[in-house]
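We use all heavy atoms of the structure for the numbers below, so side chains are in, but hydrogens, waters and symmetry mates are not. These numbers come from a predicted model, not from an experiment. Both ligands and their constituent atoms are indexed starting at 1 by order of listing.
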Amino acid sequence: MTSSLSSVRVEPVRQYIGGKRVESAGGETFETVNPADNRPITTVPAGDERDIDRAVAAAKEAFEKGPWRKMKVAERVAILERIADGILEHVEELARLETLDTGLPIKQARGQIRRAGQNFRFFADMARHRLTGETYPVDGTFLNYTVRRPVGVAGLITPWNTPFMLSTWKLAPCLAAGNTCVLKPAEWSPLSIDRFTRIVEEAGLPPGVFNVVHGYGETAGAALVRHPDVRLISFTGETRTGMEIMRNGADTLKRFSMELGGKSPVIVFEDADLDRALDAAVFGVYSLNGERCTAGSRLFLQESIYEPFVEKLKERVRRIRVGDPFDERTELGPLIHREHLNRVRGYLETAREEGAEIAVGGGTPAGLEAGNYLEATLILGVRNEMRVAQEEIFGPVLTVIPFREEEEVIEKANDVIYGLAAYVWTENLERAHNVAQSIESGMVWINSQNVRDLRTPFGGSKYSGIGREGGTHSFEFFTEVQTIHVALGKHAIPRFGAE
Ligand code: NAD
């Protein structure tokens with residue numbers, strides 16, 4: 001099913017190396033397909049080690065010999081702001097490419113593209129004000145101070161969910177700090193970044209500062225991780241992939257930022273604003289096609305409100321509009337790929353085998369068989385130890401678990417390997433803070449859906465990741481702190497060998 005609304009110009013994807021759009025060294029390609037009908041959209045170069053070598057060499061040369069690192073901050077910031085403007089001027093085109101490539105409903109895709117523009121604006125501003133150091137005066141005898149320096153060539157590896165926004169979340173701070181980089185986008189969603197290379201060019205980014213190598217994770221991605229001239233890897237993706245990347249990066253002692261999987265709890269107490277909690281719970285797991293790392297995929301409901309809440313929840317989930325992602329009214333589009341759809345469906349099978357009940361959805365919406373569509377799905381009768389309550393499904397699937405007491409729900413919420421986000425709903429201030437601080441997760445939202453403030457640290461604990469990005473935390477990762485010790489007087493120096 002290709003909607004007439006989807007009209008957007010698509011070109012064959014190219015590698016972007018040293019400021020030039022090029023074929024990959026081996027000439028091999030693969031196809032990117034439209035999740036709405038599984039028809040091929042265009043070809044994508046299947047890069048390998050040779051492309052990575054070329055891209056890293058270009059990034060290294062741009063770092064060592066090019067103007068980027070030494071440029072006045074005001075000039076660097078001006079280029080980043082022009083990139084932001086370029087994104088914001090092309091929201092519609094980039095959103096259409098993203099929707100075509102990923103199945104993200106167009107309205108939500110536009111929101112993500114705007115966020116991408118804001119990421120560049122925000123980190124341009126951060127570079128202006130926050131690339132600062134510290135001073136450590138010592139009793140008038142020493143003045144020690146720190147400076148933040150760019151690290152060098154960064155490797156950025158991104159997933160297929162909200163691929164454009166997530167790439168800019170890494171790119172903007174990486175470039176703002178004066179690094180150069182090679183980006184390896186996910187193989188299922190190459191289009192928006194390919195279009196972005198022209199925006200970057202128009203903004204006047206010096207060649208070689210930003211390079212893109214498309215290709216499979218096991219070849220292009222792994223070569224980037226192993227490359228001795230790449231100093232750091234910022235990775236967003238599955239936990240298992242993160243583990244593999246850390247193993248492969250050990251021999252070249254990489255610095256890692258790991259944004260990995262999640263299975264985030266939404267905890268609703270009986271005293272909560274139940275209408276708002278319902279809105280947030282539904283939006284939190286079914287938006288972005290359920291392919292959201294911070295999705296609240298485990299809903300814990302206090303027993304006294306379980307029945308009425310679940311009745312309303314069922315009704316809402318049944319009414320979620322599944323369909324053509326180019327239709328402005330669509331709330332849930334097709335999943336990224338047939339392989340991923342089958343994986344998500346596999347979990348529904350597992351849920352049945354484990355004795356849970358698919359209370360709403362679970363099937364393919366009528367007439368949409370050609371695409372990777374799945375109805376919004378609600379699973380009841382779930383126990384916390386079931387696989388569907390423990391493993392990341394990464395689709396429009398919500399599991400619901402009742403609880404009686406605060407202590408019990410904290411224990412259950414924490415009884416999972418992940419620790420990315422959590423959402424707590426209660427009008428009791430004391431309880432809200434106590435529960436939030438008892439949850440093992442990198443982030444908690446109280447009486448809120450996932451509203452982001454770009455200054456705050458973003459990241460997960462446990463198997464959800466290592467490190468934090470966002471605000472100054474991104475600069476912690478993308479800069480090297482150098483300490484300079486200055487003697488202000490004649491301090492004692494032992495005179496070995498003098499007498
Ligand atoms: P994935 O791990 O399969 O792939 C992510 C990227 O890694 C892709 O570009 C892929 O090509 C590459 N890759 C795969 N194997 C590699 C290897 N051996 N070496 C180097 N690169 C390799 O993840 P995905 O399926 O694209 O994305 C979904 C996952 O991402 C989910 O688990 C989700 O929770 C997670 N995610 C996390 C966050 C966060 O901020 N914590 C945000 C978005 C997505």
Side-chain angles (χ1 to χ4, degrees), residues 30 32 44 46-49 52 101-102 104 112 115 119 155-170 182-190 193 212-227 230 233-250 252 254 256-264 285 287-297 335-337 339-341 343-344 391-395 416-421 441-443 450 452 456-470 473-474 477:
F30 57 85
T32 184
V44 185
D48 60 22
E49 201 173 349
I52 291 290
D101 215 13
T102 66
L104 211 58
Q112 294 297 318
R115 258 288 302 282
N119 285 341
L156 313 177
I157 303 179
T158 47
W160 46 256
N161 68 315
T162 62
F164 190 64
M165 194 286 287
L166 281 174
S167 303
T168 61
W169 179 241
K170 297 182 186 305
V182 177
L183 169 70
K184 209 302 279 172
E187 44 272 51
W188 287 347
S189 55
I193 270 296
V212 186
V213 174
H214 294 276
Y216 294 109
E218 299 72 16
T219 47
L224 183 60
V225 172
R226 285 206 174 91
H227 203 293
V230 174
I233 295 286
S234 174
F235 171 74
T236 300
E238 278 187 41
T239 297
R240 273 189 180 287
T241 316
M243 292 171 176
E244 169 80 7
I245 286 177
M246 287 187 73
R247 275 191 291 272
N248 290 340
T252 47
K254 290 286 186 302
F256 292 114
S257 166
M258 291 278 157
E259 304 277 6
L260 310 174
K263 190 77 180 174
S264 302
V285 71
S287 57
L288 306 182
N289 295 345
E291 297 161 337
R292 180 200 269 271
C293 56
T294 49
S297 49
L335 302 192
I336 182 86
H337 198 274
E339 213 176 293
H340 183 57
L341 172 67
R343 190 169 160 261
V344 174
E391 297 177 21
E392 185 182 45
I393 299 176
F394 219 56
V416 64
I417 62 167
Y418 296 108
L420 188 57
S441 69
M443 300 166 287
N450 185 306
R452 286 274 292 120
T456 57
F458 183 96
S461 59
K462 294 158 82 175
Y463 282 63
S464 288
I466 301 175
R468 298 289 179 267
E469 293 187 7
H473 298 267
S474 293
F477 180 70

Query raised in the report: Which protein non-hydrogen atom lies closest to atom 6 (C) of ligand 1, naming both residue and atom, and how far is it?
Result: T158 O, 3.4 Å
Query raised in the report: Looking only at heavy atoms, what is the nearest atom pair of S167 and P163, with distance?
Result: OG-O, 2.7 Å
**Report entry** Within-shell test, W188 vs ligand 1, heavy atom, strictly < 4.0 Å
**Finding:** no
Query - Sidechain-backbone polar pair: E291 side chain, I336 backbone, donor-acceptor under 3.5 Å - result: yes
Query raised in the report: Using heavy atoms and a threshold below 4.0 Å, how should the contact between L224 and ligand 1 be classified: side chain, backbone, both, or neither?
Result: neither
Report summary line: Looking only at heavy atoms, the pair that brings S297 and K263 closest together is OG-CD, 3.6 Å
Query raised in the report: Among protein heavy atoms, which sits nearest to atom 44 (C) of ligand 1, and what does the distance come to when rounded to 0.1 Å?
Result: N161 OD1, 3.2 Å
Query - Atoms of ligand 1, numbered as shown, that sit under 4.0 Å from any heavy atom of F458 - result: 40 (O)
Query raised in the report: Side-chain contact, heavy-atom cut-off 4.5 Å: H227 with V182?
Result: no
Query raised in the report: Does the side chain of K254 come under 3.5 Å of the side chain of T252 through a donor N or O and an acceptor N or O?
Result: yes
Query raised in the report: Which residue supplies the protein heavy atom nearest to atom 17 (C) of ligand 1, what is that atom called, and how far is it?
Result: G217 O, 3.4 Å
Query raised in the report: Taking the side chain from K184 and the backbone from V213, do they hold a donor-acceptor pair closer than 3.5 Å?
Result: no
Query raised in the report: Does K184 reach ligand 1 with a nitrogen or oxygen that is under 3.5 Å from one of the ligand's nitrogen or oxygen atoms?
Result: yes
Report task. Scan V225, L156, I466, L260 and name whichever one has a side-chain contact (heavy atoms from CB on, under 4.5 Å) with F235. Result -> L260
Query - A186: numbered ligand 1 atoms lying under 4.0 Å from its heavy atoms - result: 8 (C), 9 (O)
Requested in this report: Kindly confirm or rule out an N or O of S464 lying under 3.5 angstrom from an N or O of ligand 1.
Outcome: no
Query - Distance-only N or O hit between ligand 1 and E392, under 3.5 Å - result: yes
Requested in this report: Using a strict cut-off of 4.0 Å, indicate which atoms of ligand 1 neighbour a heavy atom of L420.
Outcome: 41 (N)
Query raised in the report: What do you reckon, are the aromatic ring centroids of W188 and H340 less than 6.0 Å apart?
Result: no
Query raised in the report: Which ligand 1 atoms are under 4.0 Å away from a heavy-atom of A222?
Result: 19 (N), 20 (C)
Query raised in the report: Does atom 4 (O) of ligand 1 have any protein heavy atom closer than 4.0 Å?
Result: no
Query raised in the report: For K170 and T236, does a side-chain donor sit closer than 3.5 Å to a side-chain acceptor?
Result: yes
Query - T294 (side chain) donor-acceptor with A421 (main chain) under 3.5 angstrom - result: no
Report task. May I ask you to check whether over 12 heavy atoms, not counting those of F477, lie within 6.0 Å of atom CZ? Result -> yes
Requested in this report: Considering only non-hydrogen protein atoms, determine which one is nearest to atom 2 (O) of ligand 1 and report residue, atom name and distance to 0.1 Å.
Outcome: T241 OG1, 2.6 Å
Query raised in the report: Quick one: does P185 get a heavy atom under 4.0 Å from ligand 1?
Result: yes
**Report entry** Protein contact to atom 26 (O) of ligand 1 [nearest heavy atom, distance to 0.1 Å]
**Finding:** W160 CD1, 2.9 Å
**Report entry** Protein contact of atom 42 (C) of ligand 1 - nearest heavy atom, named by residue and atom, plus distance
**Finding:** C293 SG, 2.9 Å
Report summary line: For E244, the ligand 1 atoms with a heavy-atom partner under 4.0 Å come out as 18 (N)
Report task. Check ligand 1 against G221 and write out every atom of the ligand that is under 4.0 Å from a heavy-atom position of the residue. Result -> 19 (N), 20 (C), 21 (N)
Requested in this report: Check whether any side-chain heavy atom of E49 lies under 4.5 Å from a side-chain heavy atom of T219, and answer yes or no.
Outcome: no
Query raised in the report: Among all protein non-hydrogen atoms, which one is nearest to atom 37 (C) of ligand 1, and what is the separation to 0.1 Å?
Result: L260 O, 3.0 Å
Report task. Note the single closest protein heavy atom to atom 12 (C) of ligand 1, along with its residue, its atom name and the distance in Å. Result -> I157 CG2, 3.7 Å
Requested in this report: Quick one: look at H340 and ligand 1, take heavy-atom pairs under 4.0 Å, and tell me if it's side chain, backbone, both or neither.
Outcome: neither
Report task. Answer yes or no: are there more than 12 heavy-atom neighbours, outside R240 itself, under 6.0 Å from its atom CZ? Result -> no
Query raised in the report: Is the closest heavy atom of G465 to ligand 1 under 4.0 Å?
Result: no
Requested in this report: State the atoms of ligand 1, each with its element, that fall below the 4.0 Å cut-off from a heavy-atom position in T236.
Outcome: 5 (C), 36 (N), 37 (C), 38 (C), 39 (C), 42 (C), 43 (C), 44 (C)
Query raised in the report: Where on R292 is there a heavy atom closer than 4.0 Å to ligand 1, on the side chain, on the backbone, on both, or on neither?
Result: neither
Report summary line: Judged by heavy atoms only, the candidate from G237, A421, S264, A223 nearest atom 29 (C) of ligand 1 is G237
Query raised in the report: Is the backbone N or O of G460 less than 3.5 Å from a side-chain atom of R468, with the two atoms forming a donor-acceptor pair by type?
Result: yes
Query raised in the report: Under 3.5 Å, N or O to N or O, is T239 touching ligand 1 that way?
Result: no
Report task. Return the minimal non-hydrogen interatomic distance between L183 and I193, and the atom names on each side. Result -> CD2-CD1, 3.7 Å
Query raised in the report: Is T158 reaching over with its side chain to a backbone N or O of L166, donor-acceptor style, under 3.5 angstrom?
Result: no
